[in-house]
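When a ligand or atom number is given, it counts from 1 through the structure's own listing order. By convention here, the first residue in the shown sequence is residue 1. The structure presented is a predicted model; accordingly, all values stated were derived computationally and were not measured.
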Amino acid sequence: MADKAILIIGDQRIELPVLVGTEGERAVDITTLREQTGLVTYDPSFGNTAACKSDITFIDGEKGILRYRGIPIEQFTEKPNFVEVAWLLIFGRLPKKDELDLFSQRLTENELLHEGLRHQYSHIPVDAPPMAILSATLNNLACFHQQFFKLVDDESFVEVAARLISKVRTIAAFSHRRSNGLPFNYPDPNLRYCANFLHMMFSIPYKQYIITPEIEDALNLIFILHADHEQNCSTSTVRTVGSARANLFASCAAGVSALWGPLHGGANVEVIEMLERIHHGGLAPEDCLRMAKDKSNPFRLFGFGHRVYKNYDPRAKILRESCDRVFATLRRQDPLLDIARKLEELALADSYFVDRKLYPNVDFYSGILLRAMGIPTNVFTVCFAIGRLPGWIAQWKEQHEDPTSRITRPRQVYTGPPQTDYVPMDQR
Ligand code: CMC
């Protein structure tokens with residue numbers, strides 16, 4: 001028999017159903033609570049609220065587990081292929097070879113930007129933040145692909161998903177070229193997804209960028225590890241915007257805006273800036289911890305802590321190991337990696353972090369790996385967004401296919417003044 005929750009309020013006693021997920025998590029279904037009692041629930045920042053049912057990603061934050069469609073992320077690290085993972089997330093199962101080939105072909109066919117869109121770059125200030133460009137340009141894609149506002153069948157959905165996943169690389173690389181006064185590199189149809197991005201970022205007319213397998217694999221891995229993370233801030237934003245039946249371009253553009261924040265994807269920039277400050281002698285690792293613990297100081301130890309993980313973030317673990325491997329293969333070193341390790345060691349031995357179960361998250365080591373590829377700091381969060389896009393698309397699709405889905409519209413507890421009269425200007 002299914003569980004029920006009994007709620008007693010004064011002399012009223014009501015029964016609420018308890019939902020059970022496939023991994024045994026339980027949730028009290030309060031959808032009829034207000035109807036039955038007149039009460040709403042209060043859960044600021046949704047720390048204790050499941051806003052939807054989802055088949056896409058499973059996290060066990062206590063054990064440090066992350067799975068895409070049931071598959072542990074560790075299993076994608078051997079031969080990382082971001083496009084395959086994107087397909088898995090969006091369509092719900094691993095693609096067969098011909099399905100993956102067809103989807104890759106679609107990505108290739110859609111890699112160019114409309115020339116009208118390309119020209120818009122010349123009107124953007126050279127120092128414009130790439131995340132602002134990304135959000136604006138994803139929104140602008142809607143002007144050039146209006147036939148996808150209403151997705152009439154599966155074919156139009158696959159096509160719009162491919163356009164977004166393909167063009168996001170081009171948009172990102174062009175913003176980097178623009179900010180460095182470099183000519184745009186058109187995508188090369190002979191290159192795979194990550195290699196093509198690196199080519200658009202780094203080739204110069206007289207010197208083709210040489211793509212090494214280690215770097216290509218590392219970028220695939222970074223994108224895969226960022227590909228979905230259930231109902232995080234940007235994904236919830238995509239779902240919220242999508243719940244109003246806004247198109248996929250507008251919904252994903254909103255996701256980029258949420259991701260930009262330093263408590264979310266923007267943390268990867270904050271981490272590197274913090275490590276660089278330490279490296280240049282402006283700050284000692286111990287100072288960072290002291291400031292992070294000081295409640296009167298807004299500083300946080302960026303790349304540490306997570307709403308869901310109360311254990312080591314499995315993505316951070318993979319990235320940490322990957323840093324070691326990539327630097328060893330490239331026979332390179334980065335002093336920031338040593339500083340990051342030192343900071344981690346100090347934090348994990350400090351009762352403030354231990355008691356609060358604050359561990360490194362995905363953003364702690366990702367920037368060090370991106371630096372090794374030559375990706376500039378202001379493109380780090382853009383790389384997070386490229387990786388996260390399939391997750392946003394998968395979540396948007398799931399929401400649109402759910403017949404019970406309604407517009408997102410939380411309630412509030414009003415704490416403003418009681419009814420009061422308007423006072424004319426001359427009497428105030
Ligand atoms: N440095 C110092 N103290 C921290 C940190 C940190 N990085 N993270 C959490 N705390 C403290 C926090 O002050 C609070 O202390 P107390 O109980 O004394 O009030 C306690 O730990 C619980 O933290 P919280 O703020 O309630 O946690 P949250 O779930 O609201 O926030 C977070 C999660 C990720 C925003 C937060 O841990 C944080 O600000 N971390 C630094 C930013 C960061 O690395 N963000 C990337 C997150 S992972 C990738 C992504 O999703 O984008």
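Stacking of R169 on the aromatic ring of Y193 is recorded, both the 6.0 Å distance cut-off and the 45° axial limit being met. With a 6.0 Å cutoff to the six-membered ring centre and a 45° limit on the axis angle, R356 counts as a cation-pi contact of Y352.
Residues satisfying the ring-ring contact (aromatic ring centres under 6.0 Å, His included) test with Y68, not counting sequence neighbours, are F76. The side-chain hydrogen bond (donor to acceptor under 3.5 Å, both in side chains) check on K397 picks up E401, with sequence neighbours excluded.
With respect to atom 1 (N) of ligand 1, the closest heavy atom belonging to the protein is L301 N, 3.0 Å. Protein heavy atom nearest atom 43 (C) of ligand 1, with residue, atom name and distance: A267 CB, 3.5 Å. Closest protein heavy atom to atom 10 (N) of ligand 1: L358 CD1, 3.6 Å. Atom 29 (O) of ligand 1 has as its closest protein heavy atom R307 NE, 2.7 Å. The closest protein non-hydrogen atom to atom 49 (C) of ligand 1 is D363 OD2, 3.2 Å. Among all non-hydrogen protein atoms, the one lying nearest atom 51 (O) of ligand 1 is H264 ND1, 3.2 Å.
Using a non-hydrogen distance threshold of 4.0 Å, F384 registers as a contact of ligand 1. Using 4.0 Å as the threshold, H229 has no heavy atom nearer than that to any atom of ligand 1. The closest approach between any non-hydrogen atom of N232 and ligand 1 is not below 4.0 Å. In this structure, F299 does not count as a contact residue of ligand 1, since none of its heavy atoms falls inside 4.0 Å of the ligand.
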Can you check ring pair (Phe, Tyr, Trp, His ring centres under 6.0 Å) on F197 and H176, steps first, answer last? CA-CA 11 Å; F197 174 60; H176 165 67; 8.9 Å; no

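When each of L289, L348, D363 is paired with F304, the side chain to side chain contact (heavy atoms under 4.5 Å, CB included) condition holds for L348 and for no other.
In this structure, atom 13 (O) of ligand 1 is in close contact with the protein, since a protein heavy atom lies within 4.0 Å of it. For atom 45 (N) of ligand 1, a protein non-hydrogen atom is found at a distance below 4.0 Å.
Nearest heavy-atom pair, L66 versus Y309, reported as atom, atom and distance to 0.1 Å: CB-OH, 3.6 Å.
Considering R356, R300, R388 only, the shortest heavy-atom separation from atom 20 (C) of ligand 1 involves R356.
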